[in-house]
Protein chains: 2
Amino acid sequence: MSATTDQQAALRIASGRKPFVEPLRLGERLKEIRLANQWTLEDVSQRTGLARSTLSKIENDQISPTFTAVQKLINGLGIDLPQLLTPPRVQPRTMGRRDLTRQGEGQRHPTPTYEHELLSCELAQKRMIPFKTIVRARSFDEFSEWVRHDGEEFLMVLEGEVRLYTEFYEPLQLSRGDSIYFDSDMGHALVSLGDDDAVVLSVCTPGDSA
Amino acid sequence: MSATTDQQAALRIASGRKPFVEPLRLGERLKEIRLANQWTLEDVSQRTGLARSTLSKIENDQISPTFTAVQKLINGLGIDLPQLLTPPRVQPRTMGRRDLTRQGEGQRHPTPTYEHELLSCELAQKRMIPFKTIVRARSFDEFSEWVRHDGEEFLMVLEGEVRLYTEFYEPLQLSRGDSIYFDSDMGHALVSLGDDDAVVLSVCTPGDSA
DNA sequence: AAACTCTGTTTCCTATAGTGAACCCATTCA
DNA sequence: TGAATGGGTTCACTATAGGAAACAGAGTTT
């Protein structure tokens with residue numbers, strides 16, 4: 001299946017979704033934001049370049065702003081469009097979950113080349129997966145194939161020195177404190193350079209599946 | 001400027017999210033969706049109640065649609081507004097982006113209580129925001145208010161010893177190598193316990209904006 | 001209390017968004 | 001081949017959004 005077709009399929013599916021869009025009290029919302037910041041209509045006028053009168057009419061739902069006007073609003077107020085549309089956000093989330101992992105207390109997953117220690121594994125449903133890795137491998141040959149997984153990865157060297165092989169770049173030498181961010185569906189592999197095993201901290205995003 | 005605002009600003013910069021919405025080829029986007037679904041202008045006209053001519057002009061950026069028109073669009077096409085604005089991830093993955101940051105070479109953002117060093121800030125549009133922080137604060141009193149931002153945060157102590165205050169839990173003492181994962185819209189604040197400033201590595205998810 | 005100042009609203013006027021009809025250009029059909 | 005259909009664009013007109021200025025109301029100052 002071609003990329004184009006894939007994308008078209010995605011679009012079709014996407015547009016098939018039926019979101020009930022209610023009133024969208026945009027004027028009301030704007031007023032909320034304005035008052036929350038203690039801005040006067042004049043202030044907002046200065047920031048956005050829209051006339052005081054126009055703003056008043058928008059707030060009172062007397063006119064339906066043009067899209068360019070909306071852009072001036074989000075630019076001038078420094079807010080995101082979703083922010084302007086999203087009603088006050090009733091539940092500010094604040095779940096306040098927390099998951100502590102003491103040094104060395106993570107969940108260990110040994111492999112021939114790496115020894116992973118999963119951190120914060122009490123917590124389900126998280127948007128990042130942190131783990132510490134002891135790099136055992138000393139040569140690229142020890143990997144039968146590229147390590148590869150959906151998403152993005154951040155990596156920092158905690159101890160020792162490593163060489164990072166990646167599919168599309170020259171190998172890179174990383175010392176303690178160096179860090180790198182990359183798309184982890186690009187093949188990658190780490191080897192330790194010093195006598196002792198190197199230790200790196202990685203944080204991955206979970207696979208997309210979206 | 002409060003600590004909260006500081007960090008939020010830093011996060012905005014770091015996430016590579018364009019602070020302001022520029023061209024916003026809305027017309028182009030609409031056409032994409034229409035063609036992907038193999039709809040004619042007439043079809044879309046039926047669905048949305050907008051005139052065929054109007055749709056044509058919108059697609060060719062000859063007019064800036066009124067907000068009510070945009071609503072008719074998203075209702076009629078059954079799509080979300082963000083969908084209409086966000087070009088669909090055109091990358092079929094495997095972009096193979098990469099961003100190296102050598103020890104101490106990040107982008108510094110000092111505040112009274114913390115000194116942030118943003119890592120991997122070359123890369124825009126990423127799903128994690130890594131930064132190293134030197135914790136200057138020695139007492140909880142130095143914070144005017146909770147640090148708080150949408151999303152989740154992972155944190156590991158690299159050097160020194162810190163106490164983590166959180167809104168819903170008792171303060172927690174963290175030593176080198178300890179790590180914690182938490183919902184960062186729960187208020188939080190770090191203070192250094194030793195004589196020297198402590199150093200921690202943090203990775204945040206970008207704010208929701210959904 | 002009058003004059004001033006700062007707010008938000010309302011009044012006009014013009015610029016432009018939205019509409020139906022006419023138009024153009026392909027493709028299909030007789 | 002010419003007629004007919006169905007796609008998108010352009011035109012001429014009407015409806016409406018945006019702006020400048022006038023207005024109105026609530027404090028302040030004199």
Side-chain angles (χ1 to χ4, degrees), chain A residues 4-5 7-8 11-12 15 21-81 83-85 87-88, chain B residues 20-85 87:
Chain A
T4 304
T5 316
Q7 185 177 333
Q8 287 178 344
L11 284 170
R12 254 196 311 282
S15 49
V21 182
E22 67 261 51
L24 261 192
R25 317 296 304 173
L26 178 137
E28 192 182 323
R29 188 80 192 89
L30 171 58
K31 189 162 194 172
E32 271 179 32
I33 295 179
R34 182 171 67 82
L35 295 181
N37 290 72
Q38 301 194 305
W39 287 329
T40 71
L41 286 182
E42 182 58 31
D43 292 334
V44 177
S45 172
Q46 300 274 353
R47 285 166 176 269
T48 60
L50 290 164
R52 216 163 72 233
S53 54
T54 306
L55 294 168
S56 167
K57 290 180 216 166
I58 294 177
E59 284 192 353
N60 298 324
D61 287 316
Q62 291 174 14
I63 62 174
S64 163
T66 234
F67 205 79
T68 55
V70 175
Q71 284 193 66
K72 287 183 187 172
L73 273 176
I74 60 185
N75 282 340
L77 303 185
I79 57 176
D80 258 342
L81 210 162
Q83 214 177 327
L84 186 60
L85 302 182
Chain B
F20 302 133
V21 193
E22 74 276 23
L24 254 211
R25 315 297 301 172
L26 179 136
E28 193 181 323
R29 188 79 190 89
L30 171 58
K31 189 162 194 172
E32 270 179 34
I33 294 178
R34 183 171 66 81
L35 294 181
N37 289 73
Q38 302 193 306
W39 288 330
T40 71
L41 286 182
E42 182 57 31
D43 292 334
V44 177
S45 172
Q46 300 275 351
R47 285 167 176 268
T48 59
L50 291 164
R52 216 163 74 231
S53 55
T54 306
L55 294 168
S56 168
K57 290 183 214 166
I58 293 177
E59 284 193 354
N60 297 319
D61 287 318
Q62 291 173 15
I63 61 174
S64 163
T66 236
F67 205 78
T68 54
V70 175
Q71 285 191 66
K72 286 181 187 172
L73 273 178
I74 59 185
N75 281 339
L77 303 186
I79 58 175
D80 258 342
L81 210 162
Q83 240 176 301
L84 187 58
L85 302 182

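Worth knowing before you read on, the calculation uses all heavy atoms, side chains too, and leaves out hydrogens, waters and symmetry mates. Values in this document were obtained by computation on a predicted structure and should not be read as measured data.
At least one side-chain nitrogen or oxygen of B/Gln62 sits closer than 4.0 Å to the OP1 or OP2 atom of D/dT10.
Without hydrogens or angle criteria, B/Thr48 side chain to B/Gly76 main chain gives no donor-acceptor distance under 3.5 Å. Checked by atom type and distance alone, the side chain of A/Asp43 pairs as donor or acceptor with a backbone atom of A/Thr40 at under 3.5 Å. Panel note: side chain A/Ser64, backbone B/Thr66; no donor-acceptor pair is recorded below 3.5 Å.
Among all heavy-atom pairs drawn from A/Ser45 and A/Leu50, the shortest one is OG-O, 2.7 Å. Looking at every heavy atom in both residues, B/Ser56 comes nearest to B/Leu41 through CB-CD1, 4.0 Å.
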- Task: Take B/Glu28 and B/Lys31, measure what salt bridge (Lys or Arg N to Asp or Glu O under 4.0 Å) needs, and give me the verdict at the end.
- Result: CA-CA 5 Å; B/Glu28 193 181 323; B/Lys31 189 162 194 172; over 6 Å; no
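For DNA chain C, the contact window with chain B, defined by any atom under 4.0 Å from a protein heavy atom, covers C/dA17 to C/dA22 in 5' to 3' order.
Residues from residues 47-60 of chain A placing a heavy atom under 4.0 Å of any atom in DNA chain C, listed by number, are A/Arg52, A/Ser53, A/Ser56, A/Lys57, A/Asn60.
Positionally, the nearest nucleotide of DNA chain D for B/Thr40 lies more toward the 5' end than for the other of B/Thr68 and B/Thr40.
With sequence neighbours left out, the side chain to side chain contact (heavy atoms under 4.5 Å, CB included) criterion links A/Thr54 to A/Ala51, A/Ile58, A/Ile63.
When the P atom of D/dG8 is taken as reference, atom CG of B/Leu30 falls 11 Å away, rounded to whole Å. To the nearest angstrom, C1' of D/dG6 lies 11 Å from CG of B/Asp43. Counting to the nearest Å, the C1' atom of D/dA20 and the CD atom of A/Gln46 are 15 Å from each other.
Under the 4.5 Å side-chain criterion, counting only non-hydrogen atoms from C-beta, A/Leu55 is in contact with A/Leu73.
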